[in-house]
Amino acid sequence: MIIKTAKFLMSNTDYKKCPSPDLNEYAFIGRSNVGKSSLINMITDNKSLAKISSNPGKTQMINHFIINENWYLVDLPGYGFAKISKKMRAKFRKMIDDYILNRQNLVSIFVLIDSRHDAQKIDLEFINWLGSKGVPFGIIFTKADKLGVNALKKQIDKYRETLAEYWETLPPNFISSSVTKRVKEEILSYIEDLNTKINAGQ
Ligand code: GTP
Ligand code: MG
């Protein structure tokens, strides 16, 4: 897919106020600081579309972008950010859960996982929650440039083994880096294929 236009539309805390659900939508989620905003900028070829920060917790709303006037891309806040109050965390979680469970045009979620870390309870719980609710999702392992080739392979294999304990077939997964831009095309093709299939069925 060639990105011709990528525009920020709006930020919301309530899914009901999001743009009318008339285009296919893909949302990116993961722990704070995992690289969601960087990945969005990478795949849309735009350095400043989504705000990037080295301070976790930068993205605090449901942010809608429109790509090629044809599909919505959504940057969601990170979950499990420790440095906010319990009350705030619960509020974020409810906002995210309501959005995921009620957004009619949501085609797939991409759960981002930092490829350097072993499987964390909070990610597995989130992934399994998506599964229990029947929400289609893919996994993107981020920051691949931070590990050497062998360490990366070892780490991803280990993660896939952990996932295999819960899932008979693994969800689609990608190993990405916003620095080297690896798998940019694969992620875009994956979205394009889904868009083509869905639009053909309409
Ligand atoms: P929140 O909005 O706070 O939840 O964070 P986020 O998941 O949107 O992360 P963001 O894209 O803001 O990136 C967090 C930090 O990680 C920034 O300092 C980025 O420059 C860095 N980063 C993101 N992706 C990569 C990557 O692929 N490689 C490297 N080396 N650094 C990355
Ligand atoms: Mg962000």
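Ligands are counted one by one from 1 in listed order, and the atoms in each one are counted from 1 as well.
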I'd like to check which ligand 1 atoms, numbered from 1 as shown, lie under 4.0 Å from a non-hydrogen atom of Gly78.
4 (O)
Please determine if Lys36 has a nitrogen or oxygen closer than 3.5 Å to a nitrogen or oxygen of ligand 1.
yes
N/O to N/O below 3.5 Å, does that happen between Gly35 and ligand 1?
yes
Out of all atoms in ligand 1, which are within 4.0 Å of some heavy atom of Val179? Include the element for each.
27 (O), 28 (N), 29 (C), 30 (N)
Separation between CG of Leu170 and CD1 of Ile139, rounded to the nearest 0.5 Å
7.5 Å
May I ask whether Thr142 has any heavy atom positioned less than 4.0 angstrom from an atom of ligand 1?
no
Partner residues of Tyr166 under the ring pair (Phe, Tyr, Trp, His ring centres under 6.0 Å) criterion, sequence neighbours left out
none
Kindly assign one of parallel, tilted or perpendicular to the pair His64 and Tyr72, based on the angle between their ring planes and the thresholds 30° and 60°.
perpendicular
Give me the atom names and distance for the closest heavy-atom approach of Asp114 to Val34.
N-CG2, 3.4 Å
Which residues pass the side-chain contact (heavy atoms from CB on, under 4.5 Å) test with Lys47, not counting sequence neighbours?
none
Interatomic spacing from OG1 in Thr13 to CE in Met95 - rounded to 0.5 Å:
6.5 Å
Does the N or O separation between Ser176 and ligand 1 drop below 3.5 Å for any pair?
no
Does ligand 1 have any atom that is closer than 4.0 Å to a heavy atom of Gly30?
no
Near Ser177 (heavy-atom distance under 4.0 Å), the atoms of ligand 1 are 27 (O)
Any nitrogen or oxygen of Leu39, side chain or backbone, less than 3.5 Å from one on ligand 1?
no
To the nearest 0.5 Å, atom CD1 of Ile29 lies from atom NZ of Lys36 at 7.5 Å
One residue to check: Asn33. Relative to ligand 1, which of side chain, backbone, both or neither has a non-hydrogen atom less than 4.0 Å away?
both
Rounded to the nearest 0.5 Å, how far apart are CD1 of Ile191 and CD1 of Ile67?
8.5 Å
Would you say the Mg ion (ligand 2) has Ser32 as a near neighbour, meaning an N/O/S atom of that residue under 2.8 Å away?
no
Taking distance alone, with N or O pairs closer than 3.5 Å, would you say Ser178 contacts ligand 1?
yes
